[in-house]
Peer 1: 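Starting off with a structure, shown below.
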There are 4 protein chains.
Amino acid sequence: MSDNRITFLIQCEDSKGIIAKVTTFFYDEGFNILTCQQFTDNIEDAYFMRVSLDAKDLVMSRTELEERFAVIAAPLKLDWKVYYSVDKTNVAILASKTSHCLFDLLEKHSEGKLNCNIPLIISNHDTVKYVADQFKIPFYHLPVTSENWEAQQREIKRLLQDHQVDLVVMARFMRILSSEFINSFKEKIINIHHAFLPAFQGANPYKRAYERGVKMIGATAHYATDDLDEGPIIEQDVERVSHASSPAGLTQIGSEIERKVLSKAVKFHLDHRIIVTDNRTIVFPETEG
Amino acid sequence: MSDNRITFLIQCEDSKGIIAKVTTFFYDEGFNILTCQQFTDNIEDAYFMRVSLDAKDLVMSRTELEERFAVIAAPLKLDWKVYYSVDKTNVAILASKTSHCLFDLLEKHSEGKLNCNIPLIISNHDTVKYVADQFKIPFYHLPVTSENWEAQQREIKRLLQDHQVDLVVMARFMRILSSEFINSFKEKIINIHHAFLPAFQGANPYKRAYERGVKMIGATAHYATDDLDEGPIIEQDVERVSHASSPAGLTQIGSEIERKVLSKAVKFHLDHRIIVTDNRTIVFPETEG
Amino acid sequence: MSDNRITFLIQCEDSKGIIAKVTTFFYDEGFNILTCQQFTDNIEDAYFMRVSLDAKDLVMSRTELEERFAVIAAPLKLDWKVYYSVDKTNVAILASKTSHCLFDLLEKHSEGKLNCNIPLIISNHDTVKYVADQFKIPFYHLPVTSENWEAQQREIKRLLQDHQVDLVVMARFMRILSSEFINSFKEKIINIHHAFLPAFQGANPYKRAYERGVKMIGATAHYATDDLDEGPIIEQDVERVSHASSPAGLTQIGSEIERKVLSKAVKFHLDHRIIVTDNRTIVFPETEG
Amino acid sequence: MSDNRITFLIQCEDSKGIIAKVTTFFYDEGFNILTCQQFTDNIEDAYFMRVSLDAKDLVMSRTELEERFAVIAAPLKLDWKVYYSVDKTNVAILASKTSHCLFDLLEKHSEGKLNCNIPLIISNHDTVKYVADQFKIPFYHLPVTSENWEAQQREIKRLLQDHQVDLVVMARFMRILSSEFINSFKEKIINIHHAFLPAFQGANPYKRAYERGVKMIGATAHYATDDLDEGPIIEQDVERVSHASSPAGLTQIGSEIERKVLSKAVKFHLDHRIIVTDNRTIVFPETEG
């Protein structure tokens, strides 16, 4: 199956005939529709769609395809984006001291499982430099204090711009990014929170999970927003625990969930499977095996 | 959301334009497409689709709708079936001595969760008659011996025909139906096997799971075919177990999985979410919450 | 394996030799120790133990056994309770309008899976009377208004005393019991909250889960305390959900988790597997299969 | 909590007083029993026990401890082994072309999560040499043909002996070891089979899982025995799949299960949590968090 894809993500107010008109447009333009997924939100009367096409079938320029699509999209009032899989997303990873999420992302990337470039890793410590070195990825150590954090964020931004980064992955990065920073990367910063949101927002979730005596712990990947740990959730998972786990033990068990969830969420994003609506996400699952 | 649905299940050889043409047809006929799910099997070059429409939008007779659909279906060589949700499926349950799967089905049915009628329960024992009585469903006790089994199967068939049964659910029914019986209800007999197929086909799966020392056990709901426990799988699930479970313990844990899996599979069937292909099933999941 | 058990639940400050002394005591008294589980909480320096003995080996009166045990328990400062499985717990179920948790408990009880008597069901509605009738259990309909709630709680208490109830199960009972009521049944009221605590405490958890856009929902069984939904958690479980589920859909999916979790928690309690410590529970799992 | 442990693994025919006598012995010798887990197999009348002690409390030589323990063990006919956690197990990893299991083990090892040394990696291909290099572990490329396989196995054995290897982990190593090789490392070779045993033993399990249309796939870690994929199972896990996954897709999903299961099984072994009995394993879970 061709890996060269064109993916349309579409949302609009629900009405009759959207799928008929959109699929007919692609058919008329000579495309083979590889996957077509839709979801009608009956509560909000909203419609969401993901269509992936075989890029082999593109016989015009991108601009022309997009202009033609805009013609049928306008009367339907479609809010749409198109992605060409040959355009690999540039991903920057922010890390602090823990290595497991970083390791998992770099390993999956090196095995060809994440369709992106990883031009740089930024950290406020040098603890995980050895991981970046193992995978031969440039590592920028930017130590942070409360005094220099604002300046360092500007430095991070500069590095991101220099490398044309289009997705920032906070792999257990422990500093809180400013509203200004976050809003300049709206829906382009994925964070992993080491708890099953909305439980245990903020600091020390494993300790608090231990104190609450929960029987399962989890991790949550979400887009970062102004409000700490309150952004739209992309993916979550849990593991069973018992009274036998201390906070340290929960941290160990949790690390396995964190890495799995973060990598899954990053892959959903890189494969253009996510639409954000109303602080929630529509995630169109993989259907091609 | 309207419960009055028209559901089309479609399969064919894959080709360009199927979704465009099918959805355009429904749009042109004035239908609101409530859900549209498709799957392209790239290995077999096969295409599968499930479309559900709001029956309120049906302004012609069923025959007319079906004739018109046949017109666009023919050139696409669609193999299709249509279901009207007001036509409730008549379900017969076959049981032997264990009650938990039967209980779960009857309870879900009485809570309105299974869109069907249950006109009768047939059993080769009278052990579970009290369950049928609790739910006020006619119970037919047909004791079976190796000598009378052929005759009893004819009697079962007669009862099924009298009640216009369109789905037979074997809820831990322990006799093996003849090929002849099974073939007269092709893809209309759902069986629950108390193991995670294809492991432990046949008798005493819990005992054999114990002996193998597996760390998870499961249950499998499948359409019954000529070959025991080899029919197309509809749904499966597992639970973690340990060395601590004896065969009796596994039986207890397994009963919870069996009931959950069987009820799920029956609901998939009643909601017309299943297409059988090549001894496998395409199951279109619920997407309306 | 004998069902006739004597179960000791023990807790104390940790020190050397507890397990040696306790197990030696039972051995010296002629008991076969069927199961012995222990847990040392290194953070709190606390020790917890569950020992189950074959009651066949009891050759003295209960009083004598307990007096003798007290002799070795005192120097170790053991805080202990003993249970005799022939003494079946009397369980009262409080229900409101939803039937699934009630159904599951009554079904498991009728299948002999819950070692208790269920002498009565109390409800503030008559909606689920039919379930009580099916299982032939006395049903008390006590309609509740804000004016009469205090009086009705006294009536409930009276009914519980009359029936010598030792465990109250709130099976989606929607009224909030007073502190006074709860404290008179300390660690003897199990409630099922239809969310994965500590997320979504209080009302409408499914609606709030939907709004938060979580990717998993759960249910939590806990001992009721003064603080709503904050009591020690006994058992929890989750199911994966997606954007496709509306609050109504989440309610359906959630109902299956609720019944499973509540029945599990009730069984843990009836089998004397739970020690409450510090608003958390130590749950000694089944190890006999 | 001290990491310096002494662990006893004990099995015998069940009889009264074992736990009393064993725990009393350790208490009398001045040990703090950190964990004590037991399991009575009522079907086989067998008893299994795992005791871990704080090595700080060892005030005699190992030989003396073991001789003294032998004295109480003899009349109880205990079959026992003792392990000192300061003696790190030397682990050799055998790999072929797939890297994910290898990666996971090396990463967990480098994060201090696996209590062992990994002195060498052996492979019949050079495909994964880069992973060994990243983690700076000696890599031995031994190309295999049907003609040289016997000789190469002797070479592998020589390497294992030179490095005093005490555990061999087959991390998707695709050659079949001879009976002779396996029997010289009885219960010291852990293999990961990429299916949920006993389903799909042998070659191409993902393809066969696809053809069978299973709704879950899994992986199984087990001790290698003479009979391919039939050795005692240590750990298993599954993931839900659907019709949408081709064999290639199942391979991807399966790789995540394989790495998780293999690492878990290796950790159980390294932490001396496993007793093999009757082609099954007793696995004493972690209870210290």
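Every chain is numbered from 1 and lettered A, B, ... according to where its sequence line falls, protein lines coming before strand lines.
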Peer 1: Checking heavy atoms, do the side chain of C/Phe26, its backbone, both or neither come under 4.5 Å from chain D?
Peer 2: neither
Peer 1: Heavy-atom distance under 4.5 Å to chain D: side chain of C/Asp28, backbone, both or neither?
Peer 2: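 Contact with chain D: none, neither part.
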Peer 1: Could you look at D/Asp57 and say if it's the side chain, the backbone, both or neither that has a heavy atom under 4.5 Å from chain C?
Peer 2: side chain
Peer 1: If you tally heavy-atom pairs under 4.5 Å against chain C, which of D/Phe39, D/Phe31, D/Phe25 wins?
Peer 2: D/Phe31
Peer 1: Check the side chains of D/Thr35 and D/Ser52 for a donor-acceptor pair under 3.5 angstrom, ignoring hydrogens and angles.
Peer 2: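 Short answer, yes.
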Peer 1: Would you say the side-chain atoms of C/Asp271 pair up with the backbone N or O of C/Arg273, donor to acceptor, closer than 3.5 Å?
Peer 2: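 No.
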Peer 1: Less than 4.0 Å between a side-chain N and a carboxylate O, is that true for D/Arg68 and D/Glu29?
Peer 2: yes
Peer 1: List the steps, then state whether side chain to side chain contact (heavy atoms under 4.5 Å, CB included) holds for C/His193 with C/His222.
Peer 2: CA-CA 8 Å; C/His193 181 66; C/His222 64 99; 4.3 Å; yes
